[in-house]
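Okay, structure first, notes after.
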Amino acid sequence: MAKTFQQLMDEARKEIREVTVQDAKELLENNGKFVLLDVREKDEYREGHLERAVSLPRGFLEIKVETTVPEKSTPIIAYCAGGVRSLLAAKALREMGYRDVVSMSGGYTAWKAAGYKWVQDYQFTPDQLIRYSRHFLLPEVGEEGQAKLLRAKVLMVGAGGLGSPSAYYLAAAGVGTLGIVDNDVVDLSNLQRQILHSNDRVGMPKTESAKMTLQALNPDVKIIPYQEKLTSQNIMEIIKDYDIIVDGCDNFPTRYLVNDACVLAKKPNVHGSIFQFEGQASVFYPGKGPCYRCLYPEPPPPEMAPSCQEAGVLGVLPGLIGVIQALETIKLILGKGDTLVGRLLCFNTLTMEISTLKLKADRACPMCGDKPTIHQLIDYEEFCNLRASHAA
Ligand SMILES: [Zn+2]
């Protein structure tokens, strides 16, 4: 015989212990092992929830709970809006073998009425819920990770070969604030690789062109252009507002400048460099791994360090390396995966050999070693020309 709703509820009440919001609060405060399951719908959860709550809507409970709570002996407190759905959910969990499940009577409504703490996650717009839906499906990103991306501030050094693909993907991913430093204008010879720009923008400042392209891709992203050359005088002021610096520069003075400034400001520096058919990438994270000077204390002599303009570059190569920089940046923001901190990724596009070399912080490094000798920014143009002038 079919059961009425009332009969189902009565049965559930016989099997499942209900706790008051006061009891639930005490249980959570005194026992860190409790998993707090919010079985309401996603949109209810988004509007506000208990602090430690894991969202697992009633409709997905049986399908997903074994991933969320693998151990059947884990104590669980289930709650919903008013205590009905969570009671039925608790009964279902009991039937699946979860031994220690209670339901919070009165639910979220009673919790809020008692004046207890609740939190609200990032409030996504309907468009954002669609735009980032493929990120939400990844447990490593989810709504929490997407909120981190939207709140993140990343500075791109250069809107050229590396900065183009890097900024493109960071904007697509919804990194909320992108600063772009570049004092150059778009040149026809850039378009073979600098995909942020286009034919009709030749002569336009790269920062302006970059802003147009990125804003068209994703209006969520705030683009802050710096139409100036990065120098010892302005870099500290510019980088202070950013969480992560992506170095996409094409010259040694800027590379050392960015390295030193990042060490001084203790900011992660996502490094990329290219030469003809070979590229490299790493993450120099002060306090967590080596810096660029640990690898290369001194710049090569200028005649050994030709630019793309002099040595040529395969257009796809900065695309590959720039995308790796974007990827590393996103991993740093999310706090997921193993980043390239302490490793140098080397990509040879002719042989398709990709290797990662282990890097060690050099205790004798003048910048980040035990007894650093550099305590402020220097004149990098002079530093990088030093050997040439000695040789002359
Ligand atoms: Zn170092």
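Bear in mind the structure is a predicted one, so any value in this text is a computation, not a measurement. Any value given below was found using the heavy atoms of this structure, including those in side chains, with hydrogens, waters and symmetry copies removed. Indexing begins at 1, ligand by ligand and atom by atom, following the structure's order.
- Between the N234 side chain and the T231 main chain, a donor and an acceptor come within less than 3.5 Å of each other.
- Note: H49 and Y108 fail the aromatic proximity criterion, with ring centroids not under 6.0 Å apart.
- Counted by atom type alone, Q194 and K206 present one or more donor-acceptor pairs between their side chains at under 3.5 Å.
- Annotation: the span from S166 atom OG to L178 atom CG amounts to 9.0 Å, rounded to 0.5 Å.
- The existence of a salt bridge linking E41 and R46 is excluded, since no basic side-chain nitrogen approaches an acidic carboxylate oxygen closer than 4.0 Å.
- Among protein atoms, those of element N, O or S found less than 2.8 Å away from the Zn ion (ligand 1) are C291 SG, C294 SG, C365 SG, C368 SG.
- Seen from the ring of Y116, K25 counts as a face-on cation partner, given the 6.0 Å and 45° thresholds.
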